[in-house]
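Shown next, in structure tokens, is the structure this report addresses.
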Amino acid sequence: MTDPSKIKFLVVDDFSTMRRIVRNLLKELGYTNAEEAEDGAVALQKLQAGTYDFVISDWNMPNMDGLQLLQAVRADPALKHLPVLMITAEAKKENIIAAAQSGASGYIVKPFTAGTLNDKLVKIFEKLGQA
Amino acid sequence: MAKPIKFDESCDNEDLQSLFDSIAAGSEVPLQAAKETPPAVDASGDSDDLQALFDSVSAQVGESDTASQEQPVKHAQVEGSEPGSVFSSLGQMTRELHDTLRELGHDKILGDAARTIPDARQRLSYIIQMTEQAASRALNAIDIAKPIQEEMQARSEALGARWGKVFANQLSADEFKLLATDTHAFLNAVPQQAEATNAQLTEIMMAQDFQDLTGQVVKKVIELVENLETQLLRVLIEAKPPELHVEAPEGMLNGPVINADGRSDVVTSQSQVDDLLESLGF
């Protein structure tokens, strides 16, 4: 696998506390290169302007929610290859299925642990490696 | 630390309070007047549009006064009929609700219920403020303590490795002297660093004091909501046609599941998420 500090993450959540926690967890796992966005609209702008390798997004956010962000990413030829991991408090089966059908790379329900985040990241990177 | 929001039990916000007062005062007088002479609502100072709507409804009601049993039929007509009848049906329902509320004295109850909402809102803002503060305090303390711990770990590991060489007889006398000096310096530094870490642990502990405060405020809000619910339910039960069964709209943005008991439409653990996705081939 490539150097984890070379992988550039975008952490999208409207609560700064949660962004901070996710970034800290990523840092502990060796992924030191991460930036933040406070909603889907800001995230999409950043994604279109910069070069990111991985998106971790909340669902329920103002302006543009996580599902809309996911759909916008998948609809953009320049971004559609990006892995998008959803970390959200939305725990209805309907939500999980909608996210999967829209092309989410993984789905984590809050509250979550560092172990879960690591598992999902490893799994997503494995799949990317195969592709 | 920011100052907690001060609660004023009697009035939450002067502007809102005066708005409520004016509405409460404004609604009582015309209600009295309306009791005797229904068309004389002009005295209330309503806007022209509302007045026009009310007038058209009054006319409509005049026609169908005898046929008030036709109500369900009227509601049914709303779908797919011309806009005019939608407005008149809506107006009629409003009028009925208005009358019922007045007869039962619920306008007062609703006023009281509405007055509690700014209070609840302020309390909820307080909770956001307190919890955010607590989270920042804890995370700041961790940011300070972690590098200290990491440095102590690295230095002790390095010294340990060098002492390993001493016992393996791989160190010269000069190297040993240097090791002794380094070890001494390290041991002198440890208590200070441990103390610094300890101070941050205490800070993290202290940051949890929000739980007590927010807990109390949450209880208060639950009380307010319960009151509001009871009052609104009473109004609804008495004012709503029985055949109108309203289902709460359920969307995709529900937030955390507060109580999963007896629900089959939600997952309660990450493993259930994984199983569901796997069962669908994702």
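Residue numbers begin at 1 in each chain, while the letters A, B, ... track the order of the sequences. These values consider heavy atoms only, across backbone and side chains, with no hydrogens, waters or symmetry-generated copies.
Judged by distance alone, the side chain of B:Q270 and the main-chain N or O of A:K110 form no donor-acceptor pair under 3.5 Å. Between the side chain of A:K93 and the backbone N or O of B:V273 there is no donor-acceptor pair closer than 3.5 Å.
In this structure, the portion of B:L276 lying under 4.5 Å from any heavy atom of chain A is its side chain and not its backbone. With a 4.5 angstrom heavy-atom cutoff, A:D119 does not touch chain B via any of its atoms.
Other residues, nucleotides and ligands contribute only 12 or fewer heavy atoms inside 6.0 Å of the CZ atom of A:F15. Other residues, nucleotides and ligands contribute at most 12 non-hydrogen atoms within 6.0 Å of the CD atom of B:E278. Within a 6.0 Å sphere centred on CD of B:E150, other residues, nucleotides and ligands contribute more than 12 heavy atoms.
To the nearest 0.5 Å, the span separating CG on A:N95 from CE on B:M252 amounts to 5.0 Å.
Contact count against chain B (heavy-atom pairs under 4.5 Å) is highest for A:I96 among A:N24, A:T113, A:I96, A:D65. Interface remark: of the candidates A:L67, A:T17, A:N60, A:N60 forms the most heavy-atom pairs closer than 4.5 Å to chain B. For the options A:G106, A:S16, A:A98, A:A89, heavy-atom pairs under 4.5 Å to chain B are most numerous at A:A89.
Taking the side chain as every heavy atom from C-beta outward, A:K27 and B:K146 never approach each other to under 4.5 Å. By the 4.5 Å heavy-atom criterion applied to side chains, B:L139 and A:I21 are counted as neighbours.
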Under the salt bridge (Lys or Arg N to Asp or Glu O under 4.0 Å) criterion, do A:R20 and B:D143 qualify, and how do the steps go? CA-CA 11 Å; A:R20 216 169 147 179; B:D143 284 351; 3.0 Å; yes

